[in-house]
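First the proteins, then the strands, lettered A, B, ... as listed; each starts at 1.
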Amino acid sequence: MEELSELLLQRRRKVDALWEAGINPYPNDFRPLHTSADILNAYGDKQQIDASDEIFVVAGRILARRSFGKAAFIQLQDRKGRVQLYVKKDEIGDEAFAAFESFDIGDIVGAEGYPFRTKTGELSLHARSIRLLVKSLLPLPEKFHGLTDVETRYRQRYVDLIVNPDAREIFIKRSRIVNLIRAFMVNRDFLEVETPMMHQIPGGATARPFVTHHNALDMELYLRIAPELYLKRLVVGGLERVFEINRNFRNEGISVRHNPEFTMMEFYQAYATYEDLMDLTEELFCHIAQELLGALDFTNQGLEISFQRPWKRLTVREAILEYGDVEAKHLDDRDLALAYARSIGLDLPDDIGYGKLVMEIFEEVAEHKLIQPTFITAYPTEVSPLSRKNDQNPDIVDRFELIIAGREIANAFSELNDPIDQKERFLAQVAEKDKGDEEAHYMDEDYVRALEYGLPPTAGEGIGIDRLVMLLTDSPSIRDVILFPQLRKETK
RNA sequence: GGGCAUGUAGCUUAGAUGGUAGAGCAGCCGACUCUUAAUCGGCAGGUCGUUGGUUCGAUCCCAACCAUGCCCA
């Protein structure tokens with residue numbers, strides 16, 4: 001038997017007492033017919049209420065209690081919000097009131113009552129009856145400060161959701177954002193699909209995978225780092241417009257911007273280019289902001305962000321020249337660029353490729369300064385093994401990343417659909433892997449075979465849902481927008 | 001992986017140049033039939049993250065470890 005504090009023993013004794021009195025502390029025959037929001041919607045704007053015969057049937061958790069001997073106020077919380085109940089001994093009877101007096105904060109109850117306004121004007125429900133639906137054995141955090149310890153908020157998100165309305169609001173908004181995205185895509189005739197989460201060859205991104213093992217097949221499998229290669233196979237198959245909203249897994253560090261599993265919306269549109277996707281992205285983001293916030297301008301961590309179109313477009317090179325302290329002729333010369341990179345504190349190997357070098361410089365000097373939505377284009381071919389080369393300049397690809405508030409939110413490109421070129425790019429990646437780059441791509445022969453059948457000219461994009469939610473809910477950490485973020489093992 | 005910081009009751013916290021801790025809320029008992037962090041009286045609740053070390057004595061000093069946060073890689 002575990003040791004329990006006096007507080008917990010008292011609750012257990014109450015449960016025992018209920019059983020002994022023939023009362024089930026966990027009944028399941030109560031059906032609420034209304035929510036707190038129904039009451040508010042019906043009477044929120046009425047000062048005079050004469051509806052003592054209109055009965056609302058609600059259920060929820062007791063969050064607060066103020067007792068006066070033969071009457072009491074309790075605050076009830078359901079999925080829509082909170083409503084105050086006034087419980088009077090005269091009204092519900094001696095026996096029911098005696099039972100009511102044993103209810104604790106945290107218990108779940110069902111009640112019937114009629115709406116009225118208290119002397120201080122709060123819309124409340126005058127209870128005709130109230131009964132226990134669930135006896136809670138653990139005390140809730142303090143009413144005034146709530147739960148502030150971040151570790152407990154993440155580990156016991158259920159408590160966080162009970163007592164912190166802000167946390168609840170973020171996850172309601174997250175759900176709305178996903179629904180808005182889904183409706184937007186379906187509206188444009190995209191087909192929602194599900195592709196494997198377990199890959200024999202992890203592909204579609206530059207990242208280290210999680211490894212697992214299938215016993216019956218005695219085979220290594222990898223949790224996917226991206227769905228890209230499967231979604232493009234579907235475009236080969238003629239589905240032409242597909243999207244998937246689902247988790248990716250990357251075996252990398254954890255930070256305010258990174259969780260090992262995170263949610264992406266990836267989509268592919270045949271007969272489109274990356275430039276078409278810039279337009280689509282602007283429209284999608286403006287639609288979400290307008291529906292969710294009612295505005296295209298908002299604040300994120302003290303920064304004024306505006307989704308007003310058109311959004312700025314810069315090449316990687318232009319962004320470096322604008323935000324870094326380097327001249328074009330130096331940036332364009334590999335050795336001089338490397339010297340510049342080192343002068344600003346980057347620790348880079350002598351044999352680093354020019355494309356990687358440029359991206360290191362970009363991330364150091366420009367990315368975090370791009371606050372307003374900005375499409376960064378003209379990425380080096382070297383760091384974009386799945387993107388279509390630019391027709392005028394084969395050293396760059398037809399790709400953009402969308403940066404907002406200094407963070408990468410989306411990544412898109414016109415897809416490389418030349419199977420010969422794709423095979424060569426895979427081989428270059430395999431060479432990098434052999435040199436020790438754990439993030440380099442694997443060869444995927446089946447994907448090349450799919451391209452040999454013919455991938456229509458296609459553009460594809462991935463949008464980081466967690467980061468988008470952070471942006472629109474003004475959350476400083478990715479853990480604030482993921483219900484159960486990854487933590488180390490809990491120690492007792 | 002490195003640096004800095006934090007860890008005291010269910011929650012939010014105070015505290016001491018080292019002499020084994022104080023409060024508010026929650027809880028229990030009592031009073032109270034319109035409260036909004038209700039109010040009033042009383043009571044109870046702590047191996048001060050874990051393990052070692054120094055010391056007559058450690059929650060406090062030191063070390064390691066665990067967990068969390070922030071920054072860096």
Side-chain angles (χ1 to χ4, degrees), chain A residues 2-15 17 49 61-77 81-94 96-98 100-107 113-127 135-160 162-165 208 251-259 301 344-349 360 363-364 368 438-439 475-480 485-492:
Chain A
E2 56 186 320
E3 284 185 39
L4 293 175
S5 71
E6 185 59 30
L7 194 58
L8 306 186
L9 284 172
Q10 282 162 353
R11 293 281 180 102
R12 301 236 172 166
R13 281 197 288 265
K14 286 187 181 181
V15 174
I49 300 174
R61 192 183 295 274
I62 300 176
L63 285 192
R65 171 188 182 103
R66 296 177 280 275
S67 295
F68 299 86
K70 298 185 180 66
F73 290 95
I74 60 171
Q75 201 172 37
L76 205 68
Q77 176 167 272
R82 298 174 179 180
V83 64
Q84 179 172 262
L85 260 64
Y86 183 49
V87 183
K88 224 162 59 157
K89 193 174 187 176
D90 299 355
E91 189 77 31
I92 68 169
D94 292 358
F97 196 81
F100 167 73
E101 285 186 299
S102 74
F103 294 176
D104 289 295
I105 291 171
D107 288 353
Y114 56 89
F116 76 110
R117 280 198 186 273
T118 64
K119 280 178 183 167
T120 52
E122 178 164 346
L123 177 63
S124 305
L125 221 51
H126 193 126
K135 188 69 201 166
S136 169
L137 296 181
L138 291 171
L140 288 177
E142 190 216 340
K143 61 189 167 188
F144 187 54
H145 298 92
L147 181 65
T148 61
D149 181 79
V150 289
E151 183 178 353
T152 311
R153 289 187 52 211
Y154 298 148
R155 286 198 196 280
Q156 301 182 41
R157 182 68 87 183
Y158 37 90
V159 179
D160 188 32
I162 291 169
V163 299
N164 292 332
R208 289 160 71 161
N251 203 341
E252 293 166 357
I254 296 177
S255 78
V256 288
R257 292 184 294 284
H258 300 87
N259 194 62
Q301 300 299 293
I344 57 173
L346 293 172
D347 181 23
L348 302 171
E360 292 277 353
E363 283 168 23
E364 178 68 19
H368 64 280
E438 291 186 63
E439 294 188 341
S475 299
S477 170
I478 196 169
R479 292 175 162 189
D480 296 324
Q486 201 56 243
L487 299 175
R488 290 175 198 271
K489 269 187 198 163
E490 188 174 2
T491 51
K492 274 218 93 178

Peer 1: At under 4.0 Å between heavy atoms, what does A:Leu138 touch on the DNA or RNA strands: base, sugar-phosphate, or nothing?
Peer 2: nothing

Peer 1: Could I get a table of every N or O pair under 3.5 Å where one atom is in the protein and the other is in nucleotides 71-73 of chain B?
Peer 2:
none

Peer 1: When all nucleic acid strands are considered with a 4.0 Å heavy-atom cut-off, which category describes A:Gly106: base, sugar-phosphate, or nothing?
Peer 2: nothing

Peer 1: Could you measure between the two C1' atoms, the one in B:U54 and the one in B:U8, and give it in whole Å?
Peer 2: 23 Å

Peer 1: Determine, for nucleotides 29-41 of chain B in 5'-to-3' order, which nucleotides have protein heavy atoms under 4.0 Å from the base (write B), from only the sugar-phosphate (write S), or from neither (write -).
Peer 2: ---BBBBBBB---

Peer 1: Give the dot-bracket line for RNA chain B from 5' end to 3' end: parentheses for intra-strand Watson-Crick or G-U pairs under 3.5 Å, square brackets for crossings, | for inter-strand pairing, dots for unpaired.
Peer 2: (((((((..((((.....[..)))).(((((.......))))).....(((((..]....)))))))))))).

Peer 1: State whether the side chain of A:Asp107 and the backbone N or O of A:Lys135 hold a donor-acceptor pair below 3.5 Å, judged by distance alone.
Peer 2: no

Peer 1: If I pick the C1' atom on B:A21 and the same atom on B:G15, what distance separates them, to the nearest angstrom?
Peer 2: 8 Å

Peer 1: Report the distance from atom CZ of A:Arg12 to atom P of B:C28, rounded to the nearest whole Å.
Peer 2: 16 Å

Peer 1: When the C1' atoms of B:A9 and B:U17 are compared, how many Å lie between them, rounded to an integer?
Peer 2: 28 Å

Peer 1: Take the protein atom CD of A:Gln156 and the nucleotide atom C1' of B:U68, then report the distance between them rounded to whole Å.
Peer 2: 14 Å

Peer 1: Using atom C1' of each nucleotide, how far apart are B:A26 and B:A64 to the nearest Å?
Peer 2: 37 Å

Peer 1: Answer yes or no: does atom CZ of A:Arg117 have more than 12 heavy-atom neighbours from other residues, nucleotides or ligands under 6.0 Å?
Peer 2: yes

Peer 1: When rounded to the nearest Å, what value does the distance between C1' atoms of B:U50 and B:G7 take?
Peer 2: 11 Å

Peer 1: When the nearest nucleotide of RNA chain B is assigned to A:Asp104 and to A:Asp149 on a heavy-atom basis, which residue is associated with the more 5' position?
Peer 2: A:Asp149

Peer 1: Is the number of heavy atoms from other residues, nucleotides or ligands within 6.0 Å of CZ (A:Arg13) greater than 12?
Peer 2: yes

